Engineer: 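For reference, the structure I am asking about is given below.
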Amino acid sequence: MARIIIAVDGYSSCGKSTFARALAARYGYIFIDTGAMYRALTLYVINQGIVNSPSRIVEELDKIDISFKFNSQLGRSEIYLNGANVDSRIRSLEVSSHVSTVSAIPQVRDKLVALQQFMGRDKGVVMDGRDIGTVVFPQAELKIFMTADPKVRAMRRYNELQGREPFEEIERNIIERDHLDETRETSPLRRADDAVVLDNSNMTVEEQMEWAEQLMSGIR
Ligand code: C5P
């Protein structure tokens with residue numbers, strides 16, 4: 001079968017990356033976590049002390065280089081910001097609490113969308129985010145829109161952070177980010193008309209993969 005683009009969009013912390021990564025491994029595709037790209041850019045502007053100034057952020061955009069490098073020991077790619085590995089620093093609650101406002105700046109989106117389109121130019125990619133099926137690759141052959149109960153999502157993120165951040169704060173942040181992502185003017189989070197919905201509140205990763213394999217066999 002010809003290699004395709006698989007767009008995985010949906011709400012915060014509903015296991016998009018875990019699912020998308022497993023799907024990419026299953027089909028020998030490249031996995032691209034676009035949320036990590038918005039997080040790395042947010043980390044940069046936090047470090048520069050300009051996170052609350054959209055005009056300063058826009059001025060700095062040309063100085064921000066974001067890339068992925070494969071780590072053979074981990075068996076996955078890690079994200080780099082201006083040549084430094086920031087993979088373990090982009091999930092902090094500080095970054096999470098600013099990322100949605102930074103991502104709402106149109107010039108930030110223009111920059112990262114162009115980079116994402118370049119990364120997916122040869123197809124054979126699973127890209128996860130909020131606007132992949134609507135804006136980045138509206139022509140993607142398969143679009144999946146993921147959702148899950150907010151409490152389940154907060155518990156997953158809590159476990160991922162190994163209890164380093166309080167559960168209530170994580171839950172509040174998830175609900176807040178959903179709201180900001182859905183109501184922003186540029187590329188709001190919404191299901192593409194031709195996306196298939198996956199509610200994984202009560203599904204294991206294996207069950208999600210079986211579901212996806214069925215969809216893929218329909219495309220072949
Ligand atoms: O996927 P993740 O939760 O890591 O994404 C972090 C934030 O980045 C989201 O809450 C959203 O504000 C932003 N984002 C976006 N567009 C994407 C991916 C992420 O606006 N394609």
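Please read all numbers here as calculations on a predicted model, not as lab measurements. Throughout, residue positions are numbered sequentially from 1 according to the sequence presented. Counting starts at 1 for both ligands and their atoms, in listed order.
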Engineer: Does S103 offer a backbone N or O that forms a donor-acceptor pair with the side chain of R109 under 3.5 Å?
Structural biologist: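 At least one qualifying donor-acceptor pair exists.
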
Engineer: Answer yes or no: does an N/O atom from D128 fall short of 3.5 Å to an N/O atom of ligand 1?
Structural biologist: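 N/O-N/O distance under 3.5 Å: no.
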
Engineer: If we check side chain to side chain donor-acceptor pair (under 3.5 Å) with S100, which of these qualifies: D178, D181, T183?
Structural biologist: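 Considering D178, D181, T183, a side chain to side chain donor-acceptor pair (under 3.5 Å) with S100 is found only for D181.
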
Engineer: Tell me the protein heavy atom at minimum distance from atom 8 (O) of ligand 1, and give that distance in Å.
Structural biologist: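 In this structure, atom 8 (O) of ligand 1 has V99 CG2, 3.5 Å as its nearest protein heavy atom.
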
Engineer: Heavy atoms, side chains only, cut-off 4.5 Å: are N85 and Y80 in contact?
Structural biologist: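 Touching, per the 4.5 Å side-chain cut-off.
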
Engineer: Using a 3.5 Å distance criterion without hydrogens, assess whether the side chain of N71 forms a donor-acceptor pair with backbone atoms of R76.
Structural biologist: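 Not at all, since once roles are kept as given, no pair shorter than 3.5 Å links the two residues.
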
Engineer: Do ligand 1 and R109 have nitrogen or oxygen atoms that lie under 3.5 Å from each other?
Structural biologist: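 The answer is yes, given that R109 and ligand 1 share an N or O pair closer than 3.5 Å.
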
Engineer: Which protein non-hydrogen atom lies closest to atom 13 (C) of ligand 1, naming both residue and atom, and how far is it?
Structural biologist: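 The closest heavy atom on the protein side is S103 OG, 3.4 Å.
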
Engineer: In the protein, what heavy atom is nearest to atom 6 (C) of ligand 1, and what distance, to one decimal place, separates them?
Structural biologist: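 Heavy-atom neighbour on the protein nearest atom 6 (C) of ligand 1: R177 NH1, 3.4 Å.
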
Engineer: Taking heavy atoms and a distance under 4.0 Å, where does R184 meet ligand 1: side chain, backbone, both or neither?
Structural biologist: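 Side chain only.
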
Engineer: Indicate yes or no: at least one non-hydrogen side-chain atom of R89 is less than 4.5 angstrom from one of N47.
Structural biologist: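 Result yes, sub-4.5 Å side-chain heavy-atom pair found.
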
Engineer: Among protein heavy atoms, which lies nearest atom 9 (C) of ligand 1, and at what distance?
Structural biologist: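 Result: R130 NH2, 3.2 Å.
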
Engineer: N/O to N/O below 3.5 Å, does that happen between R157 and ligand 1?
Structural biologist: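 Between R157 and ligand 1 (N or O atoms, distance only) the closest approach is not under 3.5 Å.
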
Engineer: Should you measure from each heavy atom of R91, which atoms of ligand 1 turn up under 4.0 Å away?
Structural biologist: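 Answer for ligand 1: 4 (O).
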
Engineer: With D33, which of R39, R21, R91, R130 fulfils salt bridge (charged side-chain N to carboxylate O under 4.0 Å, His left out)?
Structural biologist: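 Of the listed residues R39, R21, R91, R130, the salt bridge (charged side-chain N to carboxylate O under 4.0 Å, His left out) partner of D33 is R91.
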
Engineer: Give the residue, atom name and distance (to 0.1 Å) of the protein heavy atom nearest atom 4 (O) of ligand 1.
Structural biologist: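 So the nearest neighbour among protein heavy atoms is R39 NE, 2.7 Å.
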
Engineer: Hey, is CZ on F118 packed in by over 12 heavy atoms from elsewhere, all under 6.0 Å?
Structural biologist: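 Count not over threshold, so no.
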
Engineer: Which residue holds the protein heavy atom closest to atom 12 (O) of ligand 1, what is that atom called, and what is the gap in Å?
Structural biologist: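 Here the closest protein heavy atom is D181 OD1, 2.7 Å.
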
Engineer: Taking the side chain from K16 and the backbone from Y11, do they hold a donor-acceptor pair closer than 3.5 Å?
Structural biologist: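 Yes: the side chain of K16 pairs with the backbone of Y11.
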
Engineer: Y38 to ligand 1: N or O pair under 3.5 Å?
Structural biologist: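 N/O-N/O distance below 3.5 Å does not exist for this pair.
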
Engineer: So with a 6.0 Å cut-off around OH of Y44, is the heavy-atom count from everything else above 12?
Structural biologist: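 More than 12 heavy atoms, drawn from other residues, nucleotides or ligands, come within 6.0 Å of this atom.
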
Engineer: Students should be able to answer this: which protein heavy-atom is nearest to atom 18 (C) of ligand 1, and at what distance?
Structural biologist: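 In this structure, atom 18 (C) of ligand 1 has T34 OG1, 3.4 Å as its nearest protein heavy atom.
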
